[in-house]
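I have placed the structure first, in the form of structure tokens, so that the comments after it can refer back to it.
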Amino acid sequence: MFKKVILADDLVSINLGMLTVLDTLKVGQVQTVQYCDDAFLRIKRAFQDQDPFDLLITDLSFKKDHRDQNYPSGESLIEALHAEYPELPIIVYSIEDRIQRVRKLLTQNGVNAYVCKGRRGLIELKEAIQAVYEQELYVSPQVAPALSKKTDLEIDDFDILVLKHLSLGLSQDQISQQLKNDGVSPNSLSTIEKRLNKLRIQFKANNAIHLVAIVKDLGLI
């Protein structure tokens, strides 16, 4: 079993629950932090001291307070750690259950397990820790579709870029001009119009505002 684990969650009650699970698994050394920056610094220091952590368990959402953070969310922490310490196993323990977001964390950010908080959360967390220790991937049943092949609701990077500009209140003309300014191609007005029409049909959106709301709910932007 893992010997050295770090937990990142800003709720003390959640940390206590995770500590109980780790205790039943006989994990010898466990550290807890309430800020993602603290997690990154401790992990970095441990690697430098040649005494690395075996596992990180982190939430995704951290409440903002007076302290400025380089990594304000679990997702930003995961991205940084995956880039610098790709060998570090990571388990997400979060209330977030949007399939697209879960899939991104699993396929692009190197997350080894995704556990949904809830009535069975701690039971599934224990199962996830055991699975990851055995080098297996684990996801909670309610987000299992994240492991399936791409669906018709998935969109490419260009779609996401256009939708991000749309969510900022830019008109189609303004989006076209912004893409030209940024050197992004294609960037013609007709391309923007066709792409947004396709997306409205694909997501069964009534209008641009409805489309933005849908893709935000899916965690695409």
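Keep in mind the model is a prediction, meaning the values are calculated, not measured.
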[X] side, atom [atom1]; [Y] side, atom [atom2] - distance, nearest 0.5 Å:
X	Y	atom1	atom2	value
L81	S76	CG	OG	9.5 Å
H165	L179	NE2	CG	5.0 Å
L125	I123	CG	CD1	11.0 Å
L56	I43	CG	CD1	4.5 Å
R120	L122	CZ	CG	11.0 Å
L25	T20	CG	OG1	11.0 Å

With a sphere of 6.0 Å drawn around [atom1] of [X], does it hold more than 12 non-hydrogen atoms of other residues, nucleotides or ligands?
X	atom1	result
K198	NZ	yes
K164	NZ	no
L137	CG	yes
I209	CD1	no
R119	CZ	no
K180	NZ	yes

Closest non-hydrogen atom pair, [X] against [Y]:
X	Y	answer
V27	M1	CG2-CG, 3.9 Å
A83	P86	O-CD, 4.2 Å
S167	K216	CB-CE, 4.1 Å
L211	R200	CD2-CG, 4.0 Å
D68	D37	O-OD2, 4.3 Å
L170	Q178	CD2-CB, 4.2 Å

Is there side-chain contact between [X] and [Y], with at least one heavy-atom pair below 4.5 Å?
X	Y	answer
F62	Q34	no
V92	V115	no
E124	Q142	yes
K204	I214	no

Can you tell me if [X] uses its side chain to pair, donor with acceptor, with the backbone of [Y] under 3.5 Å?
X	Y	value
D54	K4	yes
S176	N187	yes
D23	L19	no
N112	I90	yes
D49	D51	no
T191	P186	no
Y114	V139	no

Problem set entry | Inter- and intrachain pairs under salt bridge (Lys or Arg N to Asp or Glu O under 4.0 Å), touching residues 85-96, at least two apart | E96-R98, E96-R101
Problem set entry | F158 vs V184, side-chain contact (heavy atoms from CB on, under 4.5 Å): CA-CA, chis, key distance, verdict | CA-CA 9 Å; F158 182 76; V184 176; 4.2 Å; yes
Exercise. Testing L77, I91, V111 for side chain to side chain contact (heavy atoms under 4.5 Å, CB included) with T58, which one passes?
Worked result: L77
Problem set entry | Stepwise side-chain contact (heavy atoms from CB on, under 4.5 Å) check, Q48 with R45 | CA-CA 5 Å; Q48 291 175 341; R45 179 60 183 270; 4.0 Å; yes
Exercise. Can you tell me if D173 and Q177 form a side-chain donor-acceptor pair at under 3.5 Å?
Worked result: no
For this session: Check the side chains of Y35 and Q69 for a donor-acceptor pair under 3.5 angstrom, ignoring hydrogens and angles.
Result: no
Exercise. With respect to F40, which candidate in Y71, F47, F53 satisfies the ring-ring contact (aromatic ring centres under 6.0 Å, His included) definition?
Worked result: Y71
For this session: Please report the C-alpha distance between K117 and D59 in whole Å, then the side-chain angles of each, then the deciding distance to 0.1 Å, and finally whether the side-chain contact (heavy atoms from CB on, under 4.5 Å) criterion is met.
Result: CA-CA 9 Å; K117 292 179 179 178; D59 195 359; 3.0 Å; yes
For this session: Check the hydrophobic clustering (I, L, V, M, F, W, Y; side-chain heavy atoms under 4.5 Å; chains of links allowed) and say if V33 and L41 are grouped together.
Result: no
Problem set entry | Hydrophobic cluster identity match, I95 and Y93, side-chain contacts under 4.5 Å | no
Exercise. Do D38 and R42 meet the salt-bridge criterion of a basic N to acidic O distance under 4.0 Å?
Worked result: no
Problem set entry | L22 and L7: CA distance, side-chain angles, deciding distance, side-chain contact (heavy atoms from CB on, under 4.5 Å) verdict | CA-CA 10 Å; L22 291 167; L7 311 177; 3.6 Å; yes
